[in-house]
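Reckoned from all heavy atoms, side chains included, excluding hydrogens, waters and symmetry mates.
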Amino acid sequence: MRDTQTKRPSSIGAPQLAFAASALGLTFGAPAWAEDAAERLTERLDPLERYQASFEQQILDGSGERLQSARGEMWLSRPGMLRWEVEAPYSQTVVSDGEDVYMYDPDLEQVTVQEMDDRVTHTPALLLSGSSNDLTESYEVFYEQDGGEDVFTLVPISADTLFEELSMVFEGETLTELWMMDSTGQRTAITFSNITLNGEIASDMFDFEIPEGTDVIREEL
């Protein structure tokens with residue numbers, strides 16, 4: 001597990017990465033450039049059909065101070081199916097059934113519904129549920145080894161995304177962490193545990209029935 005107070009997503013350019021690493025006394029494997037890195041990432045993601053895990057999420061400011069934390073469970077079935085349940089410190093559920101995304105806040109008794117399109121699927125959790133080819137066409141991909149971990153850093157080609165860069169961390173063939181950084185330098189770190197790869201997931205896990213009495217907000221894209 002990474003130390004969320006000191007680690008951060010990789011630098012975008014290999015020269016800057018090498019300089020920063022040497023300044024900090026760190027050693028990394030040689031970075032792979034975009035084409036080779038994209039092929040490596042596709043090889044990791046293509047066999048991933050279903051994924052189930054517990055998660056811990058932390059939001060950090062630019063200096064590494066923790067602003068917020070949460071934990072919960074997630075289920076993913078590719079393509080396009082996701083259930084993301086935050087259990088603490090508050091309850092919140094995000095469900096994608098492949099056509100619409102439902103964001104439910106039981107405390108507010110409110111659900112927001114969005115049709116899936118490129119902007120919605122470029123949110124970090126839903127990125128995992130999409131096609132590997134779409135992913136590598138929409139992002140520049142960089143690869144490096146950090147100790148025993150393989151780190152893939154994705155930099156959006158389009159400016160119409162919610163983050164400046166996203167890092168996927170694998171131990172062997174298993175995705176164990178996601179790191180995101182936005183334009184303000186704020187970072188989100190998600191660590192996965194109790195991971196099940198390609199196990200059975202009931203199809204109704206990705207159905208969402210709007211509770212009676214809930215306010216529904218439909219966002220037009």
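- At least one side-chain heavy atom of I195 sits less than 4.5 Å from a side-chain heavy atom of L197.
- Linking ILVMFWY side-chain heavy atoms closer than 4.5 Å, directly or via other members, places V95 and M103 in two distinct hydrophobic clusters.
- For the atom pair I190 CD1 and I59 CD1, the distance stands at 9.0 Å (nearest 0.5 Å).
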Please determine whether side chain to side chain contact (heavy atoms under 4.5 Å, CB included) holds for the pair F152 and L166, giving the CA-CA distance in whole Å, both sets of side-chain angles, and the decisive distance to 0.1 Å. CA-CA 8 Å; F152 294 88; L166 166 73; over 6 Å; no
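- Applying the side chain to side chain donor-acceptor pair (under 3.5 Å) criterion to D207, with sequence neighbours excluded, gives no partner residue.
- Within the structure, the ring-ring contact (aromatic ring centres under 6.0 Å, His included) test picks out no pair touching residues 58-77 (sequence neighbours left out).
- Rounding to the nearest 0.5 angstrom, the gap separating the OG atom in S77 from the OH atom in Y51 is 14.5 Å.
- Using a 4.5 Å heavy-atom threshold, the side chains of M168 and L178 count as touching.
- F208 and V216 fall within a single hydrophobic cluster, where Ile, Leu, Val, Met, Phe, Trp and Tyr side chains are chained together by heavy-atom contacts under 4.5 Å.
- Between the side chain of D146 and the backbone N or O of E149, no donor-acceptor pair lies under 3.5 Å.
- With rounding to the nearest 0.5 Å, the separation of CZ in R66 from CG in D61 is 12.0 Å.
- A continuous path of hydrophobic side-chain contacts links Y104 to V113 [ILVMFWY only; heavy atoms under 4.5 Å].
- Listed for the S96 side chain is a donor-acceptor partner under 3.5 Å among the backbone atoms of G80.
- Two residues are said to be in side-chain contact when any heavy atoms from C-beta on lie closer than 4.5 Å; W84 and L76 fail this criterion.
- Using a 4.5 Å heavy-atom threshold, the side chains of F192 and L175 count as touching.
- Open room surrounds CD on E109; 12 or fewer heavy atoms of other groups in view lie less than 6.0 Å from it.
- S167 contributes atom OG, which lies 7.5 Å from atom CD of E144 (distance to the nearest 0.5 angstrom).
- For T184, the side chain to side chain donor-acceptor pair (under 3.5 Å) partners at least two apart in sequence or on another chain are D182.
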Could you list the donor-acceptor pairs under 3.5 angstrom formed between side-chain atoms of residues 41-50 and any protein atom two or more places apart in sequence or on another chain?
{"unit_1": "T42", "atom_1": "OG1", "unit_2": "A38", "atom_2": "O", "d": "2.9"}
{"unit_1": "R44", "atom_1": "NE", "unit_2": "G172", "atom_2": "O", "d": "3.2"}
{"unit_1": "R44", "atom_1": "NH2", "unit_2": "D150", "atom_2": "OD2", "d": "2.1"}
{"unit_1": "D46", "atom_1": "OD1", "unit_2": "S132", "atom_2": "OG", "d": "2.9"}
{"unit_1": "R50", "atom_1": "NE", "unit_2": "G199", "atom_2": "O", "d": "2.7"}
{"unit_1": "R50", "atom_1": "NH2", "unit_2": "N198", "atom_2": "O", "d": "3.2"}

Under the criterion side chain to side chain contact (heavy atoms under 4.5 Å, CB included), I'd like the reasoning laid out for L67 against Q186: C-alpha separation, chi angles, the key distance, then a yes or no. CA-CA 9 Å; L67 303 177; Q186 181 172 288; 3.4 Å; yes
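- Atom CD in E165 sits 11.5 Å away from atom CD in E140 (nearest 0.5 Å).
- Under the ring pair (Phe, Tyr, Trp, His ring centres under 6.0 Å) criterion, F206 pairs with no residue, sequence neighbours left out.
- Just one residue in the list E87, E73, M74 forms a side chain to side chain contact (heavy atoms under 4.5 Å, CB included) with S54, and that residue is E73.
- With hydrogens and angles ignored, the 3.5 Å screen pairs no side-chain donor or acceptor of T188 with any backbone N or O of M180.
- Atom CG in L60 sits 10.0 Å away from atom OG in S69 (nearest 0.5 Å).
- In this structure, S91 and P106 approach most closely via the heavy-atom pair O-CD, 3.3 Å.
- When all heavy atoms are compared, the tightest approach of P89 to A70 is CD-CA, 3.8 Å.
- The side chain to side chain contact (heavy atoms under 4.5 Å, CB included) test with M205 singles out one residue from M81, Q52, R83, and that residue is R83.
- For the side chain to side chain contact (heavy atoms under 4.5 Å, CB included) test, residues two or more places apart in sequence or in another chain that qualify with D107 are Y90, D105.
- Residues Y143 and D36 have side chains not in contact (no heavy-atom distance under 4.5 Å, counting atoms from C-beta outward).
- Counting heavy atoms from C-beta on, the side chains of F170 and R40 never come closer than 4.5 Å.
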